2 protein chains.
Amino acid sequence: MSIAEVTDSRRYHHGDLRRALLEAAMVIIERDGPNALTLRAVAREAGVSPAAPYHHFKDKSELLYAVAKEGFHRLKAAMGSVVVPISTHAMGVAYVGFAHANPALYRVMYDCARSREMIPDSEAEEEGGIKLLRESLIEASCGTISDIDLELAVIAAWCAAHGLAEISTFPQFQPLKDALGGEQAFLRAVFEHLGYTHGLGQTNA
Amino acid sequence: MSIAEVTDSRRYHHGDLRRALLEAAMVIIERDGPNALTLRAVAREAGVSPAAPYHHFKDKSELLYAVAKEGFHRLKAAMGSVVVPISTHAMGVAYVGFAHANPALYRVMYDCARSREMIPDSEAEEEGGIKLLRESLIEASCGTISDIDLELAVIAAWCAAHGLAEISTFPQFQPLKDALGGEQAFLRAVFEHLGYTHGLGQTNA
DNA sequence: TGTACATCAGTGAACGCGCGTTCACTGATGTAC
DNA sequence: TGTACATCAGTGAACGCGCGTTCACTGATGTAC
């Protein structure tokens, strides 16, 4: 439920329109697709005039930035909330789970991260999840891993998670999912194939 | 060089406008980004009136389909042209190379593949690369791999390639690339971390 | 406590723009005789 | 080979639309006295 619905939305002054606009943007992205994310649509969704957002965002691109930043923030939160013992595998599952729960937002986040320098703030959020991943890999190796191997392991795990997040939703995999006994078993099996059974990226054989 | 440039583009009748429109669309996507891909822009790029494309595509979405299909066709060609002996690793490098050479097209292809049922034709093209990958995995296992393990290996390899294709371009990896001695060494190292040293997805340890 | 007033966060009308698409048209092409 | 004509693949003007953004405005809020 958005803040606009919680508080009395008929008030002239909204209360926290900035937050409400971000929520509205999330709704629109997931409901109507990233291309439907216009400033006017966001204002409409938040129940506010088309000019109102300009009191909170310089222009459309700044809203987009903020949406991506919020997305990375939530992704980091999802990854950080896995139950102990933290494993790379569990974090990968959380990562993929987030991407599947918010597929369109996930696309917007990465389009944003790829297409331009993130503002420092957003970069920090984006880095947040990576930091958690790195820590889990250090822990799993008992701190013996070299810097270069660690970075390679981070990237490898990130690639695996990103690939799985985007590709495993394709309908053509449904037969295999059924054969393996469901989505979770399917994800586990693919992670195993990629070397994440024990929560550590495999080192060179 | 587009066909429009090769032939006399001042002719009233174009010759192969459909092809020229696809080429123009590719140019626009890579030069101006996927959001700049409008029917009018494509016509403009091809040097033709805004109504001309309607003699070759029912509407804008049909042009988009055709672009994605052509993209998958080229991706398949890139994967198929790796030198013998064919290895999963070599095909992965070809895949990532294609994605890096045509980043925006690559996004359009996957957005298209994800957002709707591809028309049968396009699905065949999309499947093309997967088929090559599957064959390389069968060959590498000397035909002893089970059906389920084979499909898992296909998906794992596909995820790794897709993840690497989209993530390895992030600027934050530049230091590591430099430390490893360049883009190629970097890609090889990450592939190794993911178990593709010998051209076969690792089986469960 | 009550009042004047500056500030803030909204409104709603308007702008210019590029878009997808349609339409009547026209020039080029190829075929029948 | 030459001509009439159907067909095809273009043109260019026009349409309605939703967009991002601006602007003068106004209602609500909070603070100084």
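These values consider heavy atoms only, across backbone and side chains, with no hydrogens, waters or symmetry-generated copies. For clarity, every value in this text was computed on a predicted model and none was experimentally measured. A, B, ... follow the sequence lines: proteins, then strands. Residue 1 opens every chain.
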Just distance, no hydrogens or angles: give the donor-acceptor pairs under 3.5 Å from side chains in residues 92-104 of chain A, sequence neighbours left out.
residue   : atom : partner   : partner atom : Å
Tyr95(A)  : OH   : Tyr106(A) : OH           : 2.6
Tyr95(A)  : OH   : Tyr110(A) : OH           : 2.8
Tyr95(A)  : OH   : Trp158(A) : NE1          : 3.4
His100(A) : NE2  : Ala165(A) : O            : 3.2
His100(A) : NE2  : Ser168(A) : OG           : 3.0
Asn102(A) : ND2  : Phe98(A)  : O            : 2.9

Show me the donor-acceptor pairs, under 3.5 Å and distance only, between side chains in residues 37-48 of chain A and residues at least two apart or in other chains.
residue  : atom : partner  : partner atom : Å
Thr38(A) : OG1  : Ala41(A) : N            : 2.9
Glu45(A) : OE1  : Arg31(A) : NH1          : 3.3
Glu45(A) : OE1  : Arg31(A) : NH2          : 3.0

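Atom NE2 in His56(B) sits about 16 Å away from atom P in dT21(C), given to the nearest Å. Regarding Leu37(A), its CG atom lies at a distance of 13 Å from the C1' atom of dG20(D), rounded to whole Å. For the pair Lys60(A) NZ and dT22(D) P, the computed distance is 15 Å after rounding to whole Å. A straight line from CG of Asp59(A) to P of dT22(D) spans 9 Å, rounded to a whole angstrom. For the pair Leu63(B) CG and dG20(C) P, the computed distance is 10 Å after rounding to whole Å. As a whole-Å value, the separation of His55(B) NE2 from dC25(C) P is 15 Å. Separating the CD atom of Glu62(B) from the C1' atom of dT21(C) is a distance of 14 Å, rounded to the nearest angstrom. One interatomic measurement links the two molecules: CG of Asn35(B) to P of dG18(D), which rounds to 19 Å at whole-angstrom precision.
Residue contacts shown for Arg44(A) are limited to sugar-phosphate atoms, with no base heavy atom under 4.0 Å away.
Judged as a salt bridge (Lys or Arg N to Asp or Glu O under 4.0 Å), and not counting sequence neighbours, the contacts of Glu70(B) are Arg19(B), Arg74(B). Partners of Lys177(B) under the salt bridge (Lys or Arg N to Asp or Glu O under 4.0 Å) rule, at least two apart in sequence or in another chain, are Glu183(B).
Contact check, Ser49(A) against dG12(C): no side-chain N or O comes under 4.0 Å of OP1 or OP2.
You'll find the side chain of Met109(B) reaches within 4.5 Å of the side chain of Leu75(B), heavy atoms only. You'll find the side chain of Glu151(A) reaches within 4.5 Å of the side chain of Arg134(A), heavy atoms only. Side-chain contact check for Phe170(B) versus Ile155(A): every heavy-atom pair is 4.5 Å or farther apart.
The side chain of Thr38(B) approaches dG20(C) more closely than any other nucleotide in the set dC19(D), dG20(C), dG10(C). Considering only side-chain atoms of Arg40(A), the nucleotide from dT22(C), dT21(D), dT11(C) that sits closest is dT21(D).
Position along DNA chain D of the nearest nucleotide to Val48(B) versus Tyr54(A) favours Val48(B) as the more 5'-ward residue.
No donor-acceptor pair under 3.5 Å is formed between the side chain of Asp147(A) and the backbone N or O of Leu150(A).
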Report summary line: For DNA chain C, the expected dot-bracket line (Watson-Crick or G-U under 3.5 Å, [ ] crossing, | inter-strand) is .||||||||||||||||||||||||||||||||
Report task. Decide yes or no on side chain to side chain contact (heavy atoms under 4.5 Å, CB included) for Leu132(A) and Val82(A), but give the supporting numbers first. Result -> CA-CA 11 Å; Leu132(A) 292 177; Val82(A) 300; over 6 Å; no
Report all interatomic pairs (protein N or O, nucleotide N or O of nucleotides 5-7 of chain D) with separations under 3.5 Å.
none

